[in-house]
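Written out below as structure tokens is the structure these notes cover.
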Number of protein chains: 2
Amino acid sequence: MKLQLALDTQSLEESLALVAKVQDCVDIIEIGTPFILKEGNRPVTAMKKAFPQLLVLADTKIMDGGAFEASAAFAAGADLVTVCAVAYDATILGVIEAAKKAGKQVLVDMIATKDIVNRAKEIDAMGADYLCCHTAFDIQSTGASPLAELKLLNKAIKNGKSAVAGGVKLATIDEIVEEGTQIVVVGGAIANAPDPAAMARAIKERMR
Amino acid sequence: MKLQLALDTQSLEESLALVAKVQDCVDIIEIGTPFILKEGNRPVTAMKKAFPQLLVLADTKIMDGGAFEASAAFAAGADLVTVCAVAYDATILGVIEAAKKAGKQVLVDMIATKDIVNRAKEIDAMGADYLCCHTAFDIQSTGASPLAELKLLNKAIKNGKSAVAGGVKLATIDEIVEEGTQIVVVGGAIANAPDPAAMARAIKERMR
């Protein structure tokens, strides 16, 4: 089970300092969508250069131009890119094809997907590496959590692996570990902790 | 009727040179999604500084963190941002609220929306400035064109305005003008023309 640290609102300098502190406890560094919208692929390249032993995920949330946009992110140093499950099949297939060409991987973000079970089955059949249930930041205040969707996802997937994102924290990690998944994405719970290294270690220890 | 030039695959230098050539014929400069994924909001700021008389649209295709991501793009100089119609309502509402606070505007991209009429009605009621039917790049090779969706959109919208994107070119501009819309997005047909200024002028003349 891999721990993915999402970097969303930090500067590149702050992000590099944060990852230096937690690098022994995390497996994947996510350059979050707001970070990419602000800085482009520069933080992807910088993070991969600074921490070549870690995987870097570019949270591109691709909605069109699948092959083109994925190839650009891989060329910049990303090991994984994301595409939205609500995009057209042609877009998702373009991203998967670009990943295969580059020897890299694809995480399909199920955010805002209405029929998660049937869409997951379709995407799983396309050959996606990871399918990620994702409680959007914008709906977390309603009390929504990704555990129920993770259970649906785990039942629907046969070929790929599941991942989970959206407000995951120390208090909710045990139920996720019990359900089982391959990637757990944690953002603010680590980045905004008084001691990020201790928090990352505490979460990672529950995952073992 | 406004002409929006989409800049997707050019470098910032090439883009600035291209806009210098066509600035008298275009109304809105779109910093396309692949351009943002590569360069972040830097081209948004640079384009607004170089051409303050033109509107700049940041094609952020927001899927989450609506208020945060939109505010960041507006702060960087964007006059308009885009959010996906397939995002959660809370995300779209966050973008609209951020736009109102900033005195800027929102274009909702209908890309990959299944029930375009009902979703357009919902989004129109939320107070979006523009709703844009968009034939994805990844499905243009199937022969799909945005005209049929534009007709549906124009019937569904009561408060906002319509826009149209996806492979629009000189050969298809007349049928769009005849149907009527407020923003016509053109990318490759101008950017890749042997004489971009002449092509932009030819398209703009059909729109008058």
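Every chain is numbered from 1, with letters handed out A, B, ... down the list of sequences.
Within residues 158-174 of chain A, no residue has any heavy atom closer than 4.5 Å to a heavy atom of chain B. Of residues 69-97 of chain A, those residues with a non-hydrogen atom less than 4.5 Å from any non-hydrogen atom of chain B are, in numerical order, A:E69, A:C84, A:V86, A:A87, A:Y88, A:A90, A:T91. When the heavy atoms of residues 4-13 of chain A are compared with those of chain B, the residues falling under 4.5 Å are A:T9, listed by number. Within residues 115-151 of chain A, the residues approaching chain B closer than 4.5 Å by heavy atoms are, in numerical order, A:H134, A:A136, A:F137, A:D138, A:I139.
Residues B:D64 and A:I111 meet the side-chain proximity criterion, which asks for heavy atoms closer than 4.5 Å.
Other residues, nucleotides and ligands contribute over 12 non-hydrogen atoms within 6.0 Å of the NZ atom of B:K104.
Interface remark: of the candidates B:M63, B:K61, B:R42, B:M63 forms the most heavy-atom pairs closer than 4.5 Å to chain A.
The OG1 atom of A:T33 sits 9.0 Å away from atom CG of B:L37, with the distance rounded to the nearest 0.5 Å.
With a 4.5 Å cut-off on non-hydrogen atoms, B:K38 touches chain A through its backbone and its side chain both.
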